[in-house]
There are 2 protein chains.
Amino acid sequence: MTIAEASKKYEISADTLRYYERIGLIPPVPRNKSGIRDYEEDSCRWIELMKCMRSAGVRIEALIRYVALVQQGDDTLEERRMLLMEQREQLMARMEDMQRSLERLNGKIMGYEEKIRTQREGMPLDKGEP
Amino acid sequence: MTIAEASKKYEISADTLRYYERIGLIPPVPRNKSGIRDYEEDSCRWIELMKCMRSAGVRIEALIRYVALVQQGDDTLEERRMLLMEQREQLMARMEDMQRSLERLNGKIMGYEEKIRTQREGMPLDKGEP
DNA sequence: ATACCATCTGGAGCAAGCTCTAAGTCAAGT
DNA sequence: ACTTGACTTAGAGCTTGCTCCAGATGGTAT
């Protein structure tokens, strides 16, 4: 699979795929005899994983560390587990922030619905935001 | 309340508070006769709201638009409601991405726990990541 | 008066994460 | 043989969201 095909398949620009490889967010992608990347199963699984993690906001730096550990082999299993657990903590913390924000947005939206209804009835509005 | 006190109260640097005001993320903060900001109830509520929204990753640009609409008065209620609903959609979408990522992390962590257990028993490991 | 300290402003600087550019290589088609 | 077009690299540039800095001002303590 060429970079163009991988790019299309995962909806990640070719530039970004090259960038990811350059910085070690995915391991080196095998090349054909003329130096052109050939994305196969393995590279694709990495891309897919990183797309998932990045879309959730996991930091590139943490993911690079993870990839490096995987490439170092089976002595790093424990370290990898710890790294992933730390990222999970951070992810959950962020989701809690978002949950709070979501509830607040819901409250505000309901408030506006009420206000708009009241306004249509020609009632006076109270001032004061937020 | 001075900027130092507000900064401490909300755990946002004074620089950031000034920045937020400068870009319109919060409405202008009233000043005393010598030009020093005096954060009162109203400003504080804005800060608190923005802290919440920003911690959830809501884009500054959207929040600036919201503040501008609030300052324009009651003709913008409907527009504000729509803006908030759009942000809510985006927030929920991101939370879904994070949920997927979280499940994936959980799966990987469990996989590592299993692998580490197996390894301790001196069993051979299969290769292949992720 | 003088020193000190927090505050002010406008603008520069910085980190993360892409995104774009220039110049070069290679395989295929005419 | 020559053009075309996708690929390569190294490096510059961009966006977002702060963060820091320099120089000015003003109230308070000695």
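Basis for what follows: all heavy atoms, side chains included, without hydrogens, waters or symmetry-related copies. Throughout, protein chains are lettered first and strands after them, A, B, ... in sequence-line order, and every chain is numbered starting at 1.
For B:I12 and D:dC18, the CD1 to P distance is 9 Å, given to the nearest whole Å. Between B:Y19 atom OH and D:dT19 atom C1' there is a gap of 10 Å when expressed in whole angstrom units. Look at CG on A:L17: it is 15 Å from C1' on D:dA6, rounded to the nearest Å. A:E21 has its CD atom 18 Å from the P atom of C:dG17, to the nearest Å. The CE-C1' distance, from B:M50 to D:dG17, rounds to 15 Å in whole Å. Between the CE atom of B:M1 and the P atom of C:dA6 there is a distance of 18 Å, rounded to whole Å. A straight line from CD1 of B:I64 to P of D:dT15 spans 15 Å, rounded to a whole angstrom. The interatomic distance linking A:N32 (CG) with C:dA28 (P) rounds to 10 Å, in whole Å.
Comparing atom distances between the B:D15 side chain and each of C:dC20, D:dC20, C:dC26 picks out D:dC20 as nearest. Distance from the side chain of A:Y20 is smallest for C:dC18 among the nucleotides C:dC8, D:dT19, C:dC18. Each of D:dG26, D:dG17, D:dA10 was ranked by its minimum atom distance to the side chain of A:R22; first place goes to D:dA10. Of the candidates D:dT9, D:dT19, C:dT19, D:dT9 carries the atom nearest the A:R31 side chain, counting heavy atoms from C-beta on. The nucleotide whose nearest atom lies closest to any side-chain atom of B:I36 is, among C:dC8, C:dC18, D:dC7, C:dC8. Side-chain atoms of B:T16 lie closest to D:dT19 of the nucleotides C:dC18, D:dT19, C:dT21. Each of C:dG10, D:dC18, C:dT7 was ranked by its minimum atom distance to the side chain of B:A4; first place goes to C:dT7.
Checking A:K33 against B:E5, the closest nucleotide of DNA chain C that is more toward the 5' end is the one next to B:E5. For the pair A:R59 and B:R37, nearest-nucleotide mapping onto DNA chain C gives the more 5' position to B:R37. Taking the nucleotide of DNA chain D with the nearest heavy atom to each of A:I3 and B:R54, the more 5' of the two is matched to A:I3.
Here A:I23 lies out of heavy-atom contact (under 4.0 Å) with every strand.
For A:N32 and A:S34, the side-chain atoms include at least one donor-acceptor pair closer than 3.5 Å. At a cut-off of 3.5 Å, with distance as the only test, a side-chain donor of B:Y112 or A:R80 sits close to an acceptor on the other residue.
Contact check on B:R65 versus B:E61 returns a salt bridge, with a Lys/Arg side-chain nitrogen under 4.0 Å from an Asp/Glu carboxylate oxygen. The existence of a salt bridge linking B:R104 and A:E48 is confirmed by a sub-4.0 Å separation between a basic side-chain nitrogen and an acidic carboxylate oxygen. Look at A:R94 and A:D97 and you find no salt bridge, because none of the NZ, NE, NH1 or NH2 atoms lies under 4.0 Å from a carboxylate O. Taking 4.0 Å as the cut-off between side-chain N and carboxylate O, B:R18 and B:E21 do not count as a salt-bridged pair.
The side chain of A:T2 places an N or O atom within less than 4.0 Å of a non-bridging phosphate oxygen (OP1 or OP2) of D:dC7. When the side-chain nitrogen and oxygen atoms of B:R18 are compared with OP1 and OP2 of C:dC8, one or more of them lie within a distance under 4.0 Å.
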